[in-house]
**Q** 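Mind looking over this structure? Questions follow.
Computed over heavy atoms, backbone and side chain alike; hydrogens, waters and symmetry mates excluded.
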Amino acid sequence: MRMMKRWVAILLASGLIMTACGQREGSSPETGTAVGEQTDGAESPAAVQAEIPKPVIDYPRSGEMPEFKGIGNAKVEEKTLNSGEKEAVAVGRKKAKDGLELDLTPYIQPGKKYSVSMTMNFTIEESTVDVLACDCVLTDKEGSESVEVLSEDTLQSYRKGTVDGMIDTKEAGKVVLKWYMKECKTADIHIRALTVTEVQTGPEAALKYESASKLAGQYGFTLGTVVNGSTYENKDYQEIIKKHFNSLSTANEMKAYSLLDQGASIQAAKKGTDEPQVNFTLADEMVGFAAENGIGVRGHCLVWDAYMCDWFFNEGYENGAKKVSKEVMKKRMESYIRQVVEHFDKKFPGTVYCWDVVNEAVGDNEGTDCQAGDVRRTRTHREGEDNPFYKYVGEDYIKLAFQYARKYAAPEVKLFYNDYSTIYPEKRAAIVELIKWLNAGEKIADGVGMQAYLDMDESLLISRKGSGGASLEDSVKAFSDLGVEVHLTEMTVRNYQKENNEAHGEYYYKLFQKIKEINADKPRITNVTIWGITDTPDAIEGDYTYNLSGTYYGILDVMYQPKPAFAKMVQALSEKKR
């Protein structure tokens with residue numbers, strides 16, 4: 001599909017683009033609220049639902065067909081499908097420009113923006129290639145017309161077309177949508193669904209809700225989200241964060257490959273100082289924003305093999321140079337961890353309340369990602385490439401990293417091991433063994449971070465002990481029973497279709513009800529971080545963001561308007577403990 005992207009480009013400049021985190025599938029964050037305590041002022045479910053904008057046209061669900069008119073030879077008829085649903089059909093087309101039009105003027109208000117979403121079917125041959133076009137014709141008060149191409153959808157070997165775009169009515173006296181096919185002269189155009197909804201912009205609607213993090217606090221967990229180098233500066237994004245979240249993670253800006261400064265490290269080495277040099281400029285800006293607004297920060301992350309700078313392991317920090325010894329690498333890793341944790345402790349006391357010390361160090365496949373028979377499945381390779389920490393620091397690099405972090409971090413800072421696919425039994429068992437090993441003799445790991453990229457599958461939420469199936473509940477309890485905290489560090493509910501937004505919202509409701517249930521006896525889950533709160537409708541099928549999360553996974557749309565997922569999350573957190 002070739003969409004007109006101008007409005008999307010503007011919006012996505014302020015939205016969150018998911019960043020590479022290796023997934024395949026007050027200044028203090030403490031809540032101070034008892035588990036199960038009801039927060040005063042929580043909105044009722046009815047009040048929450050009222051925040052979702054209602055379409056001005058919603059056909060056929062509204063039961064009334066809009067006043068479509070035929071263009072040229074075409075006439076518009078309403079027909080009933082075998083399912084009993086209605087559809088509007090443009091019949092009698094004899095030339096390409098024959099189609100149908102809809103005068104939106106009676107439905108809308110000048111000066112406002114509207115989203116248009118439409119699903120259409122066609123009676124064309126399987127081998128036919130054609131283009132469905134949708135034009136928006138704006139007529140000003142002087143009678144001058146301007147035409148904008150809202151959408152062009154190429155049809156090839158299938159019979160379904162879509163329209164998904166945005167109309168800025170400006171000060172037009174008349175707004176008309178026109179649909180036609182660029183080449184096919186005879187195909188009937190079947191309109192199966194059409195919604196036109198006023199688009200609100202800015203954070204105002206979301207800010208009317210009770211604070212989501214305040215509501216979460218009554219169940220023993222903080223509520224977080226993620227920021228990157230562009231989103232944290234967006235004023236609308238900031239207002240939503242300040243109202244609804246009391247924990248922040250940076251997408252990439254606190255990872256080693258972002259902080260390490262090769263040029264400075266080379267110069268230091270030439271002067272006889274082998275310690276790696278670190279540049280905190282961007283990370284300081286983001287952590288500073290959190291500190292100024294009394295928001296805690298999850299430090300993400302200290303040690304991660306993916307995308308790690310190869311020069312970090314080389315003599316003189318030079319590209320292509322010989323690798324240093326394991327003893328030198330241990331000193332470098334200790335120096336890096338010391339510099340990072342001490343920097344944030346001193347510059348922003350109490351803000352960074354925990355660290356993901358090691359990220360994704362448990363392999364998925366024995367014999368490929370890790371050695372056969374290793375109960376901890378310590379990662380030796382990632383996608384065929386060596387894990388440089390395992391190879392150049394040693395197989396005990398995970399424990400060393402935790403020991404260094406515990407040595408230099410403030411006593412109240414919690415240390416976490418973070419990984420993906422933690423809901424699966426094999427990964428769960430390996431992480432259990434890893435935590436037991438780390439905490440044998442001295443507790444140096446305070447928690448497990450569970451990246452939680454979830455499909456809308458309710459079976460993933462419930463206990464499935466004995467079945468060998470994936471289970472969020474079973475994994476949380478398995479880790480919690482080791483005497484450590486659990487964070488859902490990168491929680492996303494995948495959604496690839498806009499029409500699934502209602503189902504997406506219902507899943508969010510059930511997910512937060514399950515979190516409340518898990519925390520009913522004690523706060524096992526102490527943080528939930530939603531990884532990406534706005535949609536990315538331009539994510540291309542097959543790219544990283546699309547595969548990881550989809551396109552409509554956000555709890556807000558690209559205009560920062562609450563989606564059903566946001567409303568249902570707040571509803572679940574507002575309801576009294578049963």
Side-chain angles (χ1 to χ4, degrees), residues 1-15 50-59 62 64-72 74 76 88 90 97 99-120 132-153 162-180 182 191 193-208 234-237 239-240 498 534-535 537-538 556-563:
M1 185 192 304
R2 184 175 69 83
M3 301 282 290
M4 296 304 292
K5 304 293 186 183
R6 291 183 300 240
W7 64 275
V8 176
I10 294 171
L11 297 172
L12 291 185
S14 61
E51 297 285 354
I52 303 299
K54 290 181 169 53
V56 295
I57 296 176
D58 191 10
Y59 178 75
S62 65
E64 182 177 349
M65 185 175 74
E67 295 183 9
F68 294 111
K69 293 182 179 180
I71 300 175
V76 181
K97 287 288 186 177
L100 69 162
E101 65 180 21
L102 176 62
D103 185 354
L104 291 180
T105 312
Y107 302 94
I108 64 177
Q109 298 180 43
K112 294 191 175 182
K113 296 182 176 68
Y114 293 84
S115 64
V116 177
S117 181
M118 192 169 192
T119 301
M120 314 169 94
L132 164 68
C134 179
D135 293 345
C136 179
V137 182
L138 303 175
T139 306
D140 64 22
K141 295 177 182 179
E142 284 72 38
S144 299
E145 289 187 354
S146 61
V147 179
E148 294 187 5
V149 179
L150 189 69
S151 174
E152 288 186 350
D153 192 357
T162 60
V163 170
D164 195 358
M166 182 76 65
I167 298 172
D168 185 349
T169 65
K170 304 174 184 175
E171 295 302 320
K174 188 175 184 179
V175 180
V176 177
L177 293 180
K178 295 186 177 184
W179 294 270
Y180 55 92
K182 288 208 166 181
I191 300 175
L194 170 65
T195 59
V196 179
T197 308
E198 180 185 340
V199 175
Q200 299 174 342
T201 61
E204 288 77 14
L207 298 179
K208 292 178 182 178
N234 181 274
K235 298 301 182 183
D236 291 342
Y237 205 87
E239 291 305 310
I240 291 169
K498 191 174 184 179
T534 56
D535 291 339
D538 265 10
L556 306 173
D557 66 19
V558 292
M559 296 285 195
Y560 299 107
Q561 301 308 298
K563 291 174 54 184

**Q** Working to the nearest 0.5 angstrom, can you tell me the gap between Leu102 CG and Met65 CE?
**A** 10.0 Å
**Q** May I ask you to test the Leu194-Phe68 pair for a side-chain heavy-atom distance under 4.5 Å?
**A**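 SC-SC contact between Leu194 and Phe68 confirmed.
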**Q** Whether the side chain of Thr169 engages the backbone of Gly111 through a donor-acceptor N/O pair (distance < 3.5 Å, no angle test) should be reported.
**A**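 Yes.
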**Q** Which value, rounded to the nearest 0.5 Å, describes the distance between Ile108 atom CD1 and Ile167 atom CD1?
**A** 6.5 Å
**Q** Ignoring hydrogens and angles, tell me if any N or O in the side chain of Asp535 forms a donor-acceptor pair with the backbone of Pro537 under 3.5 Å.
**A** no
**Q** Heavy atoms only: give me the nearest Leu138-Lys170 pair and the separation to one decimal.
**A**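 Looks like CD1-CD, 4.5 Å.
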**Q** Shortest non-hydrogen contact from Ser115 to Val199?
**A** N-CG2, 3.3 Å
**Q** Can you check whether Val558 reaches Thr534 side chain to side chain, under 4.5 Å on heavy atoms?
**A** no
**Q** Mind listing the closest non-hydrogen atom pair of Asp236 and Gly202 along with its distance?
**A**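 Heavy atoms only, the tightest pair is OD2-CA, 3.7 Å.
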**Q** Any non-hydrogen side-chain atom of Leu100 less than 4.5 Å from a side-chain atom of Ile191?
**A**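 A side-chain contact under 4.5 Å exists here.
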**Q** Does the side chain of Cys136 reach to within under 4.5 Å of the side chain of Val175, using non-hydrogen atoms?
**A** yes
**Q** Tell me, please, which residues at least two apart from Glu204 pass side-chain contact (heavy atoms from CB on, under 4.5 Å).
**A** none
**Q** Taking only residues two or more places apart in sequence or in another chain, which ones pass salt bridge (charged side-chain N to carboxylate O under 4.0 Å, His left out) with Lys69?
**A** none
**Q** Say you draw a straight line from NZ of Lys112 to CG of Asp168; how long is it, rounded to the nearest 0.5 Å?
**A**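 One gets 12.5 Å once the value is rounded to the nearest 0.5 Å.
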**Q** Could you grab the distance from atom CH2 of Trp179 to atom CG of Asp135, nearest 0.5 Å is fine?
**A**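 Atom-to-atom, Trp179:CH2 and Asp135:CG are 10.5 Å apart.
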**Q** Under the side chain to side chain donor-acceptor pair (under 3.5 Å) rule, collect the residues that match up with Glu67, sequence neighbours excluded.
**A** none
**Q** Do you know the tightest heavy-atom contact between Glu64 and Tyr59?
**A**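 Glu64 and Tyr59 have their closest heavy atoms at O-CD1, 3.5 Å.
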**Q** Taking all non-hydrogen atoms of both residues, which atom of Gly99 and which atom of Ala74 are closest, and how far apart?
**A**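 That closest heavy-atom pairing would be O-CB, 3.2 Å.
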**Q** So, Asp140 side chain and Ser144 main chain: donor-acceptor pair closer than 3.5 Å or not?
**A**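 At least one qualifying donor-acceptor pair exists.
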**Q** Working to the nearest 0.5 angstrom, can you tell me the gap between Glu148 CD and Leu177 CG?
**A**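 Glu148 CD to Leu177 CG: 11.0 Å, rounded to 0.5 Å.
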**Q** Taking side chain to side chain contact (heavy atoms under 4.5 Å, CB included) as the criterion, tell me which of Gln561, Lys113, Met559 meets it with Gln200.
**A**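 Going through Gln561, Lys113, Met559 one by one, the side chain to side chain contact (heavy atoms under 4.5 Å, CB included) with Gln200 is satisfied by Gln561 alone.
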**Q** Taking all non-hydrogen atoms of both residues into account, name the closest pair between Lys97 and Ile71 and its distance.
**A**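 That would be O-CG2, 3.6 Å.
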**Q** Let me confirm one number: the CD-OH distance from Glu239 to Tyr560, rounded to the nearest 0.5 Å.
**A** 12.0 Å
